[in-house]
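Comments concern the structure below.
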Amino acid sequence: MDGLTKLWMDTGIANFGLPDLVMIAVGCLLLYLAIARKFEPLLLLPIGFGAILANIPNAGFNDEGGMLYYVYHVGIETGVFPLIIFMGVGALTDFGALIANPKVLFLGAAAQFGIFATLFGAILLNLIPGFEFSLQDASAIAIIGGADGPTAIFLASKLAPDLLGAIAVAAYSYMALVPIIQPPIMRALTTQEEREIKMEQLRPVSKKEKIIFPLAVLLLTILFLPAATPLVGMFCLGNLMRESGVVERLSSTAQNELINIVTIFLGLGVGSKLSADKFLNIETLGILALGAIAFSIGTASGVIMAKIMGRFSKSPINPLIGAAGVSAVPMAARVANKVGLEANPHNFLLMHAMGPNVAGVLGSAVAAGVLLALVG
Amino acid sequence: MDGLTKLWMDTGIANFGLPDLVMIAVGCLLLYLAIARKFEPLLLLPIGFGAILANIPNAGFNDEGGMLYYVYHVGIETGVFPLIIFMGVGALTDFGALIANPKVLFLGAAAQFGIFATLFGAILLNLIPGFEFSLQDASAIAIIGGADGPTAIFLASKLAPDLLGAIAVAAYSYMALVPIIQPPIMRALTTQEEREIKMEQLRPVSKKEKIIFPLAVLLLTILFLPAATPLVGMFCLGNLMRESGVVERLSSTAQNELINIVTIFLGLGVGSKLSADKFLNIETLGILALGAIAFSIGTASGVIMAKIMGRFSKSPINPLIGAAGVSAVPMAARVANKVGLEANPHNFLLMHAMGPNVAGVLGSAVAAGVLLALVG
Amino acid sequence: MDGLTKLWMDTGIANFGLPDLVMIAVGCLLLYLAIARKFEPLLLLPIGFGAILANIPNAGFNDEGGMLYYVYHVGIETGVFPLIIFMGVGALTDFGALIANPKVLFLGAAAQFGIFATLFGAILLNLIPGFEFSLQDASAIAIIGGADGPTAIFLASKLAPDLLGAIAVAAYSYMALVPIIQPPIMRALTTQEEREIKMEQLRPVSKKEKIIFPLAVLLLTILFLPAATPLVGMFCLGNLMRESGVVERLSSTAQNELINIVTIFLGLGVGSKLSADKFLNIETLGILALGAIAFSIGTASGVIMAKIMGRFSKSPINPLIGAAGVSAVPMAARVANKVGLEANPHNFLLMHAMGPNVAGVLGSAVAAGVLLALVG
Amino acid sequence: MDVTESLFRALTLLGLGMTFVFLFLGLLMIAVNLMAKYIPADEPAVKRSVVPRKQPSTVSSESEINPKLIAAISSAVQQYRKTEAA
Amino acid sequence: MDVTESLFRALTLLGLGMTFVFLFLGLLMIAVNLMAKYIPADEPAVKRSVVPRKQPSTVSSESEINPKLIAAISSAVQQYRKTEAA
Amino acid sequence: MDVTESLFRALTLLGLGMTFVFLFLGLLMIAVNLMAKYIPADEPAVKRSVVPRKQPSTVSSESEINPKLIAAISSAVQQYRKTEAA
Ligand code: NA
Ligand code: NA
Ligand code: NA
């Protein structure tokens, strides 16, 4: 009965430690959030599943030769998967609303304050015993405030791979929680009259402007922030494929099959970093707390910036659209629209909020570039 | 005329040995079976083509730097391709019929007897001079009886890579031959009355049950057989993506583009193992013979188990559906339906046979896990 | 203000050398040609974008760990990307017109004269100071005359990787310029009466012939030119998947998602070879000049061959279809049709020109095989 | 390892393997039965699980037609019907 | 590196980072304004950019229906209308 | 290798290359002619090869519409016709 012993010694039952069990429970929680609560299911479902697989004793998913080992090292450590996703996001993004009203770029800029302010929080946490965040760690955590998954994963894979799992989970969870996190902040910082402000209709944008826009973004990045070119470059490639109108085949594939395939493996690879030794520590709690702070500060900065701009602008600006500057596309824009409709049932802010929303994607990619250049 | 000599020295004509020619003929035979006879063409066409390419003298497909070299080492040696295929199969599988009538899981279990019984055959063949099957070899050969391509390829790539080509070819060929292999065995083991048995209509299955099912399978695998988690885990991920309803994009990609892309290269990679030195020996004949035995024993065990269960069950069980327990989805279920219709033209067994059919997929993945744990 | 200095030192502005700027301008020119002039946009858009990315100072796309580094080494250095594209092209190609009128194979053969004649040009250029083309270089440049992108990229990646960027750009640019390059040559070599010649309607081709055709091509390649089997083999696999009718799933994926995904990365990878040190030299001008010569000679040889064949053929042959023998599918066939319509508005040559057009694809793959065997 | 020894190991594998397979799938049966007992059926309004879904298959899904497509067509036809009626 | 020093570096990052972000997006605004000034609007006949395109989204594009599909359907329905009218 | 020698090698390549290309495609022509002679034509009922298939192209297949789509639409329209007739 040698074989029986061997089989038994191999079973999960005989090998489970408490940490593994807790991490599998974390994976199940992520699956629950993804399926029952529809929290960013496209990412959280594979991340949760990957977390479960990675924590099975004796299954060896993360060991050399294991499925998740290959996925992580080939796709995430190299940065290739988040960049491909970002190309697909570029191909899915319509900058029309932004081009029609380019002032809102400042809203997308202001909301990045959430990122940089969170750096202080991460450093101050080091005063509490148990926390030891380097400046790299702090930067990777702060980028959660950018509310942009691929950017957060890309930066974390470069600056703090050990924290990647927690950072990605926090980023996607808070993106899913945007409808809960943002409205109270938005209401607290605005008056009923401000929320009722109607904005002027957007002008039509020409095809040429849409084609030149990604090239202009790329040019500025090349001139001023080469460190951001991997992210911004792939994003602009996707957007150029979309708007050029001459490579529909490629654009459609980038928006659909390619992004889908990579999303499955990106999720699994991120999940593989949710191992007990890297996730079950007090730092993870710190990351979750800091992420919430980053989102909140970003939302507030966006709204305040919109109020300031409203004072000086000729055309009226509803401060609610400032909250969309954190990105979390398109959820934050929908939230701005919804809170606006509560104040005035005839005031549709969605298109106006899309401008700062996509501006926020660029803003956090630029912020990531600054952090890579100065901290990486 | 140096060049002419060189060109001539390079030609196939000048370099062909008999073994290469025979292997190219084998490749052509596989193409014929795939195209003219529609024998599992999705796999056998690329396998056959890969076999031809791999055996061209001086073409170097299998040498370092050759196309098939990369395909094999990147996709098959790592186990990644069969696992991705298995994820896609999970996304294509509807467990409704199984959940509605879970007793049939025992039919899927019984049919795995074909696998383990074949171990003896493989070992006994060693008594004949020319055969030298190790226990690893025997296990990889026996898994042909699981009637499940990705499982067979995965196990063979781990336990007996040299036999991979012959094992994969045998597995897919016999799956295509299921309509020829199974009916005589089914008829021999059942009476006319048994074949006429009508089964009760299946209850509707709720969405929640379908979502929890893959998680329950995964949980059991984690608890009892971690060695099977690569196969079962990826399969359950695919099925969860399908049933969760929140990641249609990913599920559809896993079922279509991703599985198609990987199938092309899996086939080519398997075909690349059909080289003369590994295929043209008496062991291949042994593998083919053992595969047929495995299928037959599996079919018989399924039918006999169904007869036994029918004695003790309150609701009637048509023993024909036991034959579907070998998997070979969905061919074996269709065969059960067809043989049933011959006995009683109003008796549609298809849905009832789908239950043991998909149970057989799980059964052979579990059997593969046991073999990996004890022999690997 | 240490950080400010660092940021400034990193900017493109502070680091740009003139060569980088010129190469980025070249990338922009390619984008312009692709988008505004619709020059083979599927390839030239990603190539142009890749050229821009590759020449950003401090962005590190081409350095180890950079996105384009991986794309180039994984996909192009190995030859895998052009081979997958060629499989897709095979799946997109209908050989019906060729099978119905197989004489036109000689037109596809004659047009390859452009390739071999260009060898002399490349070698003679070495007499001018600044040029140092080895025979490998000359062969890789000459293949531009094959008017077939994947073949040119595959051969260049094997024989002259440093020239790959310039060769690919020349090949795709001239393919896009076929409607400008070919008509004057075609008109100069034919009389009005010759251009008015009506050809007999093509016979219907059976499904079986279409299935056997790719296998016959593969067989001949195996027998006579194993060096061409990577290219021809993958092409025939694609065509067999298309015509066999039993693997629609795989054929459709090879024609669409797979070829699209690979095209994006092939383009980026080719673009990554457009770096200043490899592109900004007099050799590039030589390559562009030789490419134009190769196209022109190929066109002329095709037309002249068609005139010769017309003398001896029972059924009439319009010499314009000879120009389609250079391949550049389907552009060259359309040009033949258009020039024919100018001569006689009721004379539709498109289907007749498709025969030599696809024959040219085979012809240049064979030529590439000869060059690989004798020069590689 | 001689043949007898190998056969003995095969016997062990047979015993352990079949036991394991039956145990595993038996436990799964119990789990499914528990689910059936404790998970309420879908609301009849949904009806999704009753509709015959396409059969699981690794091979035959070529002929499947996108449900979105069907939805689009029926809506197009309905819209046409409206314009026709007006 | 002690906390004070880290905080100081964070302050630098905050200052440089926000300056850079505003500068960058500000320059982009200028560029977009220049585009609006110098690039002529699309011909009204094209109307492409006026039509509400689908909203950009990384997640919600599941429900999008292929425009080619719609074109195909409308042409099919139109063709049918013709045959009906005839 | 000096230029004269290179030119000589190029001449060899030209000769061998063109011979090979013609030989290869010529043999292929013979093979195709043999096929035409010995393979019976498709049954007229099938008609598949007569129907003008889409032209081979590496570039222009963007505009192709899925035949399944067309089948689905025509069946939808036919079904509609039936309901209309009823
Ligand atoms: Na952002
Ligand atoms: Na099975
Ligand atoms: Na050619």
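In what follows, chains carry the letters A, B, and so on, assigned in the order in which the sequence lines appear, proteins first and then strands, with residues in each chain numbered from 1.
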For this session: Below 4.5 Å from any heavy atom of chain B, which atoms of Leu219(C) appear? Answer side chain, backbone, both or neither.
Result: neither
Minimum heavy-atom distance [X]-[Y], with the two atoms named:
| X | Y | result |
| --- | --- | --- |
| Gly108(C) | Gln112(C) | O-NE2, 2.7 Å |
| Met241(B) | Val247(B) | O-CG2, 3.6 Å |
| Val89(B) | Thr93(B) | O-OG1, 2.7 Å |

Give, as side chain, backbone, both or neither, the part of [X] having an atom under 4.5 angstrom from any heavy atom of chain C.
| X | result |
| --- | --- |
| Tyr69(B) | neither |
| Leu68(B) | neither |
| Ala34(B) | backbone |
| Ile261(B) | both |
| Leu53(B) | side chain |

Spacing of [X] atom [atom1] and [Y] atom [atom2] [to the nearest 0.5 Å]:
| X | Y | atom1 | atom2 | answer |
| --- | --- | --- | --- | --- |
| Ile56(B) | Thr221(C) | CD1 | OG1 | 8.0 Å |
| Lys210(C) | Ile212(C) | NZ | CD1 | 13.5 Å |
| Ile85(B) | Phe265(B) | CD1 | CZ | 11.5 Å |
| Gln136(C) | Ile141(C) | CD | CD1 | 11.5 Å |

For this session: With a 4.5 Å cut-off on heavy-atom pairs, point out which of Leu258(C), Thr253(C), Leu237(C) contacts chain B the most.
Result: Leu237(C)
For this session: For each of Leu225(C), Leu218(C), Leu240(C), tally heavy-atom pairs with chain B at distances under 4.5 Å, and name the one with the top tally.
Result: Leu240(C)
Exercise. Which residues in residues 226-234 of chain C have a heavy atom less than 4.5 Å from any heavy atom of chain B?
Worked result: Pro226(C), Thr229(C), Pro230(C), Gly233(C), Met234(C)
Exercise. Between Tyr72(C) and Lys273(C), is there a cation-pi geometry (under 6.0 Å to ring centre, at most 45° from the normal)?
Worked result: yes
Problem set entry | Donor + acceptor pair across side chains of Ser251(C), Glu248(C) (<3.5 Å) | no
Exercise. Just wondering, are more than 12 heavy atoms of other shown residues or ligands nearer than 6.0 Å to CZ in Phe61(B)?
Worked result: yes
